[in-house]
There are 2 protein chains.
Amino acid sequence: MSRAVGRGAAVIEGRPLHPFDAARGLPRRPGTGAASRCQGCGARSVGLCAPLGPAALDDMAAETERVAVAPRTPLFHQGDDASHVYTLAEGAARLTRVLPDGRQAAIGFRLAGDIMGFTPATEHAFGAETLTRATICRVDRRRLDAMFRRHPVLERRFLELCAGELAATQDHVLALGRLTAQERVAHFLLSLAEAQERRGRRGPVFDLPATRTDIAELLGLTLETVSRAVSALRKRGWIKLHGLSAFEITERPSLAALAAGEGGA
Amino acid sequence: MSRAVGRGAAVIEGRPLHPFDAARGLPRRPGTGAASRCQGCGARSVGLCAPLGPAALDDMAAETERVAVAPRTPLFHQGDDASHVYTLAEGAARLTRVLPDGRQAAIGFRLAGDIMGFTPATEHAFGAETLTRATICRVDRRRLDAMFRRHPVLERRFLELCAGELAATQDHVLALGRLTAQERVAHFLLSLAEAQERRGRRGPVFDLPATRTDIAELLGLTLETVSRAVSALRKRGWIKLHGLSAFEITERPSLAALAAGEGGA
DNA sequence: CGGCACTTTGATCGTGGTCAATAAGTGTGG
DNA sequence: CCACACTTATTGACCACGATCAAAGTGCCG
């Protein structure tokens, strides 16, 4: 339907990154062993391929394209043919929907190991774009169906991931419907920190792979309100900022209580 | 964790309805043919058992308890053991979450054919309660896993339903995050009408199986705001009310435009 | 017909949105 | 390495939508 990426290939650190649609032309390197194996999912407990054995992993890798993508690059748009399913191997991305009048909302953020764009429908109900530099695994939808037949455990895994996403999205509904601006921001920071901890991040400082505008679009607020809420949390001494793209939680219990809505309305 | 139902069995039309936990003591009538078959799911395109053949349906029926439930009856609570999966065969229900301070939000409404309470986690992340009189099919989680092995198509069906719920929930996120009160109410009425049409309802009048408070808790508003929004739509001549539990859409295009957010807010 | 739950409508208040100006952080070229 | 340009964040002043508090109205049941 729409071109996912502009003309010129983005360049970072002197190495050309593949704007996503260019990957269409890449030679699919069929299973040549460990080198082609999808590290991003195979290596972790969060990923799609977590339950697969080595042989199945190689089979999977043969069906998968692995591509580096520049920050702020659309992977697919709302309304596009749902011809592929994506796994985020590294980096951060967000899923967005647009209203006819141009208002935009982010449905959720995705980190390494998360799947994106899996749907039984024929077209994507939302768009996806990277927030940071990222590595993406892409599988053709029809090849994936064939994989399901060869490795039934994979279908079970999809079901688990899908149910997990559903739970996360329901949590988001609760936050949007019932939490105040400051509570939502606390909730967001905390869940971002927890997601990074689940992925093995150590130490007190977490990545903040999003601008105030990104956060606002996720939380149903404006960028000014997000900024005010962050400032308030900082002044209370509950969080600390390190530059623009990192933060630290200094009073987790207080932040958690606020995020859970224990402030009394 | 918590008792789902109070002591006395609710009685409607002189016939005792089973408060849900009482069903635990009911004899499970194993597959005695068509009479025990789960009509609620087997008969429609929306249900869990839609893709099953007659033999598989009987097998399924043997594993399923079918129970009539009174209006406003909790089926399970947030935090309960996720020991069963439920299908709504008739009637309407809602899924709710509560915050520690007592604020309550509805995650979504469910109509005939929808599944409730399916999760890979060990406990329910939300509670479910009927809005109207309803008929529920209940399957033990472990028996369901066994069913998955006997009828792989069933797992695929669960995946589809799960993905469908995810899409609906994401839509809800968009509505909560970006639509005004009136737009949300328009969106709600329209999607309720569409859900009933998908289930075969004919004619211009739709059930409204929810009070203003129910709708408010679903849309992240107060009951007064919902009432005002409904009145406004009525005064514009876009909808009509028929008593307290039915409504009619008289200007669908206008309502749809509003619900989609084309008002340029 | 009476009682009750739900709904509607009104008046006032507060959170967060909007518009606007300043400050901090980041990247680039001299 | 510093200066400049640009992006992103912060803070302030004001306003509007929806929340809150309160009272009257309507439909539904016994």
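Reminder, nothing fancy here: chain letters follow the sequence lines and each chain counts from 1.
For B:Ser231, the listed nucleotide lying nearest its side chain is C:dT9; candidates were C:dT9, D:dT10, D:dG27. Distances from the side chain of A:Glu224 to the nucleotides D:dA9, C:dA20, C:dT9 place C:dA20 closest.
Distance B:Leu244 CG to D:dT26 P: 13 Å, rounded to the nearest Å. Summarising the geometry, the separation between CD1 on B:Ile239 and P on C:dT7 is reported as 13 Å, rounded to the nearest angstrom. When rounded to the nearest whole Å, the span between NE2 of A:His242 and P of C:dA24 equals 18 Å. The CG-P distance, from B:Leu208 to D:dG27, rounds to 15 Å in whole Å. Summarising the geometry, the separation between CG on A:Leu223 and P on C:dA20 is reported as 15 Å, rounded to the nearest angstrom. Residue A:Arg178 contributes atom CZ, which lies 14 Å from atom P of D:dG18 at whole-angstrom precision.
Residues satisfying the salt bridge (charged side-chain N to carboxylate O under 4.0 Å, His left out) test with B:Arg234, not counting sequence neighbours, are none. With sequence neighbours excluded, the residues satisfying salt bridge (charged side-chain N to carboxylate O under 4.0 Å, His left out) with A:Arg201 are A:Asp207. With sequence neighbours excluded, the residues forming a side chain to side chain contact (heavy atoms under 4.5 Å, CB included) with B:Thr225 are B:Ala181, B:Leu221, B:Thr222, listed by chain and number. Listed by chain and number, the residues in a salt bridge (charged side-chain N to carboxylate O under 4.0 Å, His left out) with B:Arg110 are B:Glu165 (sequence neighbours excluded). Checked against salt bridge (charged side-chain N to carboxylate O under 4.0 Å, His left out), A:Arg97 has the following partners two or more places apart in sequence or in another chain: B:Asp171. Checked against ring-ring contact (aromatic ring centres under 6.0 Å, His included), A:His172 has no partners two or more places apart in sequence or in another chain.
Among the heavy atoms of the strands lying under 4.0 Å from A:Ser227 is at least one base atom, whether or not backbone atoms are also near. B:Ile215 comes within contact range of no nucleotide atom at all, as no heavy-atom separation falls under 4.0 Å. Counting non-hydrogen atoms under 4.0 angstrom, B:Leu241 reaches the backbone sugars and phosphates but no base.
Under the side-chain contact (heavy atoms from CB on, under 4.5 Å) test applied with A:Ile215, the options A:Val230, A:Leu223, A:Leu208 reduce to a single match, A:Leu208.
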Are any protein N/O atoms closer than 3.5 Å to N/O atoms in nucleotides 14-17 of chain C? If there are, list each pair with its distance.
residue : atom : partner  : partner atom : Å
C:dG16  : OP1  : A:Ala181 : N            : 2.7
C:dG17  : OP2  : A:Thr222 : OG1          : 3.2
C:dG17  : OP2  : A:Thr225 : OG1          : 2.3

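Distance alone, capped at 3.5 Å, places no donor-acceptor pair between the A:Arg212 side chain and the A:Ser227 backbone.
Sorted by first and then second residue, the pairs that involve residues 237-255 of chain A and meet salt bridge (Lys or Arg N to Asp or Glu O under 4.0 Å), not counting sequence neighbours, are A:Glu197-A:Arg252.
The rotation axes computed at either terminus of the helix from C:dC1-D:dG30 to C:dG30-D:dC1 lie 40° apart, taking five pairs at each end and rounding to 10 degrees.
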